[in-house]
Amino acid sequence: MADTKRVRLTVAYDGTNYHGWQIQDNGITIESELNRCLSDLLHEDIQVIGASRTDSGVHALGNIAVFDTTARMPAEKVSYALNQRLPEDIRIQRSEEVASDWHPRYVTSRKTYEYRIYRGEFPMPVKRLYALFSYRTFDVAKMQQAAKYLVGEHDFKSFCQVGAQVDSTVRTLYSVEVEEQGSDLVIRVCGNGFLYNMVRIIAGTLMEVGQGKRAPEEMPSILDARNRSAAGPTAPAHGLMLMKYEFPEEL
């Protein structure tokens with residue numbers, strides 16, 4: 001009997017045409033496409049384990065998934081063969097063998113997301129799938145001031161979608177940056193983990209600060225409230241991109 005090995009994939013995708021990462025009854029997902037194409041490639045029933053279950057419409061440059069296989073194909077060759085079978089809006093950036101007990105959700109990691117806002121008088125068609133359009137102006141300095149309050153270990157229950165099933169709503173954010181890139185405004189968040197819709201709620205709240213609807217100094221009281229109604233709206237999914245995963249133990 002062939003030995004079983006665990007393969008880690010770094011997965012980039014345009015989430016526009018998918019019902020998120022996780023398998024759903026109502027449509028195709030990133031996970032279902034990976035399972036389908038890997039099973040076809042390796043002639044086994046493959047079920048990947050994903051690191052981040054991104055929502056419908058959310059994009060990624062570097063989500064992580066693992067799967068077990070007895071196939072003799074070298075792990076580093078899987079990416080080349082799999083990319084020939086996947087839809088063109090999903091591409092494996094790297095495949096590599098990892099320890100048999102390595103699990104993407106149970107190892108120490110740093111995740112970086114970016115939320116992008118396109119500011120203009122009119123929408124820009126080529127940006128419509130990857131940035132939220134706004135004709136409004138934002139006070140970027142106030143958004144940057146508000147963002148600083150979120151750095152560190154906090155209970156982010158106010159920034160979690162109601163009904164999410166989690167053991168704890170405490171998370172650590174290493175950095176929260178608001179940066180202008182020409183006509184784009186980018187909110188970049190790096191942390192050890194994120195709650196359901198957390199980055200999109202942070203983005204929605206910071207946008208309200210930028211529009212003068214909230215003061216930067218309100219952020220501590222929003223955190224202390226531990227109530228979803230205390231924070232701002234959930235920003236639309238298409239402006240969000242999972243940029244990268246980092247595993248400190250491997251650096």
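This chain uses plain numbering: 1 for the first residue, then up along the sequence. These numbers come from the heavy atoms of this one structure, side chains and all, not from hydrogens, waters or symmetry mates. Everything quoted here is computed from the prediction, not taken from an experiment.
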Would you mind checking if [Y] and [X] are paired as a salt bridge, meaning a charged N to carboxylate O distance below 4.0 Å?
X   : Y    : value
R85 : D40  : yes
R6  : D101 : no
D55 : R200 : yes

Just jot down the side chain to side chain contact (heavy atoms under 4.5 Å, CB included) partners of R136, sequence neighbours excluded, or say none.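 If we apply the side chain to side chain contact (heavy atoms under 4.5 Å, CB included) test to R136, skipping adjacent residues, the hits are S134, Q211, K213.
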T137: side chain to side chain contact (heavy atoms under 4.5 Å, CB included) partners, not counting sequence neighbours: none
Would you check, one step at a time, whether the test side-chain hydrogen bond (donor to acceptor under 3.5 Å, both in side chains) holds for E217 with Q145? CA-CA 8 Å; E217 295 79 14; Q145 185 182 346; 3.0 Å; yes
Heavy-atom neighbours of K244 NZ exceed 12 at 6.0 Å: no
Examine the side chains of [X] and [Y] and answer whether a donor and an acceptor come within less than 3.5 Å of each other.
X    : Y    : answer
T172 : R110 : no
S52  : N63  : no
D45  : Q47  : yes
S109 : E246 : no
Q181 : R116 : yes

Given a cutoff of under 4.5 Å between side-chain heavy atoms of I, L, V, M, F, W and Y, with clusters grown through shared members, what are the other residues clustered with V78? V7, L9, V11, Y13, Y18, W21, I28, I30, L34, L38, L41, L42, I46, V48, F67, M73, L82, L86, I90, I92
In the hydrophobic clustering (ILVMFWY, side-chain contacts below 4.5 Å, transitive), which residues join M241, or is it alone?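 Its cluster partners, ordered by chain and number, are L61, M243.
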Do [X] and [Y] have side chains that get closer than 4.5 Å, going by heavy atoms?
X    : Y    : answer
I49  : R105 : yes
E44  : T70  : yes
I222 : F159 : yes
R228 : K157 : no
M207 : I117 : yes
V199 : L240 : yes
R226 : T169 : no
E208 : P233 : yes

Same cluster or not: [X] versus [Y], using hydrophobic residues (I, L, V, M, F, W, Y) connected whenever any side-chain heavy atoms lie under 4.5 Å apart?
X    : Y    : answer
V126 : Y118 : yes
V189 : V186 : no
L223 : M219 : yes
V166 : F156 : yes

Test log, rule side chain to side chain contact (heavy atoms under 4.5 Å, CB included), inputs Y130 and H59: CA-CA 8 Å; Y130 311 106; H59 316 292; 3.4 Å; yes
Mark yes or no: R8 above the aromatic ring of W102, with NZ or CZ under 6.0 Å from the six-membered ring centre and no more than 45 degrees from the axis.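 Cation-pi check for R8 and W102: passes.
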Once ring-ring contact (aromatic ring centres under 6.0 Å, His included) is applied, what residue pairs with a partner in residues 160-198 remain, sequence neighbours excluded?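 As it turns out, the ring-ring contact (aromatic ring centres under 6.0 Å, His included) pairs with a partner in residues 160-198, which skip direct neighbours, are Y113-F194.
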Under the side-chain hydrogen bond (donor to acceptor under 3.5 Å, both in side chains) rule, what do D68 and T4 come out as? Steps first, then yes or no, please. CA-CA 6 Å; D68 294 326; T4 299; over 6 Å; no
K5 vs T69, test: side chain to side chain contact (heavy atoms under 4.5 Å, CB included). Steps then yes/no. CA-CA 6 Å; K5 62 175 175 281; T69 179; 4.0 Å; yes
Roughly how far apart are [X] [atom1] and [Y] [atom2], rounded to 0.5 Å?
X    : Y    : atom1 : atom2 : result
L173 : I202 : CG    : CD1   : 5.5 Å
N35  : E31  : CG    : CD    : 5.5 Å
I187 : L206 : CD1   : CG    : 5.0 Å
T234 : N197 : OG1   : CG    : 5.0 Å
L185 : E180 : CG    : CD    : 6.0 Å
S183 : K127 : OG    : NZ    : 5.0 Å

Would you check if the side chain of [X] reaches a backbone N or O of [Y] as a donor-acceptor pair within less than 3.5 Å?
X    : Y    : answer
E250 : F247 : no
S95  : A75  : yes
S39  : R36  : no
K111 : N192 : yes
S158 : A230 : no
E114 : T112 : no
R91  : P87  : yes
D139 : K142 : yes

Pairs under 3.5 angstrom only: tabulate donor-acceptor contacts from the side chains of residues 147-154 to other protein residues two or more places apart or in another chain.
from	atom 1	to	atom 2	distance (Å)
H154	NE2	Y149	O	3.3
H154	NE2	V151	O	3.0

side-chain hydrogen bond (donor to acceptor under 3.5 Å, both in side chains) between R53 and T29: does it pass, once the steps are laid out? CA-CA 10 Å; R53 297 169 180 172; T29 66; over 6 Å; no
Return the minimal non-hydrogen interatomic distance between P125 and P123, and the atom names on each side.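 Smallest heavy-atom distance, with atoms named: CD-O, 3.7 Å.
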Would you check, one step at a time, whether the test side-chain hydrogen bond (donor to acceptor under 3.5 Å, both in side chains) holds for Q93 with S79? CA-CA 7 Å; Q93 301 300 298; S79 53; over 6 Å; no
